[in-house]
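Below, each value reflects all heavy atoms present in this structure, side chains not excepted, and no hydrogens, waters or symmetry copies. Source: prediction; values computed, not measured.
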Amino acid sequence: MSESIDSQEVVKTLFEQDEQFNLVGIAAHGHAALACMLCDKPDLVLIDMALPELLGLTALQLIMEHSPTPVIVLSTSTSEGSVLTIQAMRLGAADYFHKDMLVEGLHREGIISYFLERCKLTIQNGVKGVYPAAIQMDGNAELAEISSQMFNEVLLRRRMDIEFHLRKALKLQEFKLVYQPVVEIHTSRVVGLECLLRWNNRHLGHVPPTEFIAIAEESGLIHEIGKWVLREACTQNQKWQKAGLPPMFVAVNLSRKQFNDCRLSLTIAEILEETGLEPKYLELEITESLSVDARLASDTLGELKKLGVRIAMDDFGTGYSSLGYLRDFPIDKMKIDKSFIKDLQNQTVNAVIVNTMITMAKHLNLLVVAEGVETEEELQALRAYGCRFVQGYYYSKPVEVQHIEEMLVHLI
């Protein structure tokens, strides 16, 4: 739905590229759009927030009150357009695009497929929210005040830019893995490495995982990225072994979306066969934040264990399901979250908790790794509690591949 000819032409041009989409109509105001929807029952509605006099927001309000149809918001990159987009997100729009980027992108490779993929995903996911009846649409000032409480223009644009460039990151080879050693306390011997994903984009610079992983999961990109990480980690581990370095495990974190993929065990089996890495040298880390069905999770973990890989529970103790996971799932190792390691030497509550965790793990025949160890005092406290393995800046920060061999020779 759009008032300007430019917007109409952009929408038509984009949808003409995919036969799965059928543009059923264009309306200039909310009631006409609603009538169109009730008649044609479309799978998706686009709203141009550049419409004058808040017509875009009014249309969205009507749609949210009368229909669960997913909505994509088109905005301009002006501050006014962004404020309206923010408010549209509050009202339950399922996705959003900057119109200027679409207009410019019609002449750039990838933008059409990118937009269409987001449309399909929006249809699949449906509407994210419900219109909050308490919010009254009385004027721009109130809209701006409500919007500022939830989002701001910079965050919205940042999120969209990250996803746009994330879709091309694998093709452009922008990802790399860094590795942090897991060390045996009594011998200072490196027994394994945890791989961590890093992304550097020529437009965005370094983007931390805390920003892009959630977007990768929401957009569905996490599956391809996760496969790349698994393949790269297994390939690199095999290279180190062939170079004469002592065999050791490499740990890879699994996201919730990856873990819920019914093809996960098959994918990992194929990667192990392709790279030639023995399964015992691959460790998969899961967290209790996965929030999955216990029976399905147990089945998935059972399939992975049959492959011969090891399962570690990461960030142990940070949620409320930790003990249930140890009881219900075939876990080989618990990793004590770094938040419990601070100030151990002063016999704080953390010290009592960590000591209890280590004792419990021994009775359950689980290996234990303490994460986030940074000081000699923390190391000695863990040694006194009987902790065998540690990971943290005390020994090494995560380092790039070219530094691994030198580091391992030094520590072994």
Side-chain angles (χ1 to χ4, degrees), residues 179-187 189-196 226 229-230 233-234 237-238 241 246-256 258-261 264-269 271-272 275 277-292 294-319 321-338 340-341 354-373 382 385-392:
Y179 298 84
Q180 187 172 39
V182 177
V183 179
E184 186 175 34
I185 291 180
H186 298 289
T187 63
R189 182 173 62 91
V190 178
V191 295
L193 299 160
E194 179 183 357
C195 75
L196 301 163
V229 172
L230 281 163
C234 291
N237 195 356
Q238 185 74 330
Q241 292 188 27
M248 61 185 63
F249 72 85
V250 168
V252 177
N253 292 277
L254 291 181
S255 73
R256 178 180 179 179
Q258 286 177 278
F259 192 74
N260 286 336
D261 186 351
L264 177 61
S265 60
L266 178 60
T267 297
I268 292 175
I271 290 174
L272 289 170
T275 60
L277 183 70
E278 292 184 57
K280 64 182 179 180
Y281 296 123
L282 175 63
E283 186 171 285
L284 302 173
E285 295 189 1
I286 64 172
T287 67
E288 55 194 297
S289 60
L290 290 174
S291 301
V292 293
R295 183 183 60 82
L296 294 177
S298 182
D299 291 343
T300 299
L301 290 173
E303 292 175 1
L304 294 174
K305 290 288 290 179
K306 288 179 182 178
L307 295 177
V309 302
R310 296 197 302 184
I311 308 296
M313 185 174 175
D314 197 16
D315 302 333
F316 185 83
T318 55
S321 305
S322 303
L323 295 177
Y325 270 54
L326 296 183
R327 178 195 63 203
D328 299 330
F329 300 150
I331 305 295
D332 300 297
K333 176 188 293 183
M334 71 161 64
K335 301 187 73 175
I336 301 176
D337 187 70
K338 61 184 179 182
F340 294 102
I341 305 303
V354 169
N355 195 7
T356 302
M357 288 180 181
I358 294 171
T359 301
M360 177 182 63
K362 287 181 179 178
H363 287 297
L364 295 174
N365 294 317
L366 297 176
L367 296 173
V368 179
V369 176
E371 297 183 287
V373 178
L382 289 165
Y385 300 149
C387 183
R388 186 178 172 188
F389 304 106
V390 295
Q391 179 179 345

task = Taking the side chain as every heavy atom from C-beta outward, state whether Cys195 and Val229 have any pair of such atoms under 4.5 Å apart.
result = yes
query = With a 4.0 Å cut-off, would you call Asp315 and Lys338 a salt bridge?
reply = no
query = When you look at Phe259 and Leu301, which way does the side-chain contact (heavy atoms from CB on, under 4.5 Å) test go after all the steps?
reply = CA-CA 9 Å; Phe259 192 74; Leu301 290 173; 3.6 Å; yes
query = What's the shortest heavy-atom distance between Leu307 and Ala269, and which atoms?
reply = CD2-CB, 3.8 Å
query = Would you call Thr300 and Leu264 a side-chain contact if the rule is heavy atoms closer than 4.5 Å?
reply = yes
key: Heavy-atom check, side chain of Leu366 versus side chain of Met360, under 4.5 Å   = no
task = Would you mind reporting whether Val250 and Tyr179 have side-chain heavy atoms less than 4.5 Å apart?
result = yes
note = Rounding to 0.5 Å, atoms OG (Ser265) and NZ (Lys305) come to a distance of 14.5 Å
Side chains of Leu282 and Ile268 in contact at under 4.5 Å (non-hydrogen atoms) = yes
key: Test item: Leu272 and Cys234 side chains (from C-beta on) under 4.5 Å apart, heavy atoms   = yes
ask   = Do Val191 and Phe389 come close enough that some side-chain heavy atom pair is under 4.5 Å?
value = yes
ask   = Is there a donor-acceptor contact under 3.5 Å linking the side chains of Thr187 and Glu184?
value = yes
task = Kindly give the heavy-atom pair with the smallest separation between Ile341 and Ala370, and that separation in Å.
result = CD1-CB, 3.8 Å
Pairing of Glu283 and Arg310 as salt bridge, 4.0 angstrom limit = yes
message = Any non-hydrogen side-chain atom of Met248 less than 4.5 Å from a side-chain atom of Tyr281?
response = no
query = Does a side-chain N-to-carboxylate-O contact under 4.0 Å join Glu194 and Lys335?
reply = yes
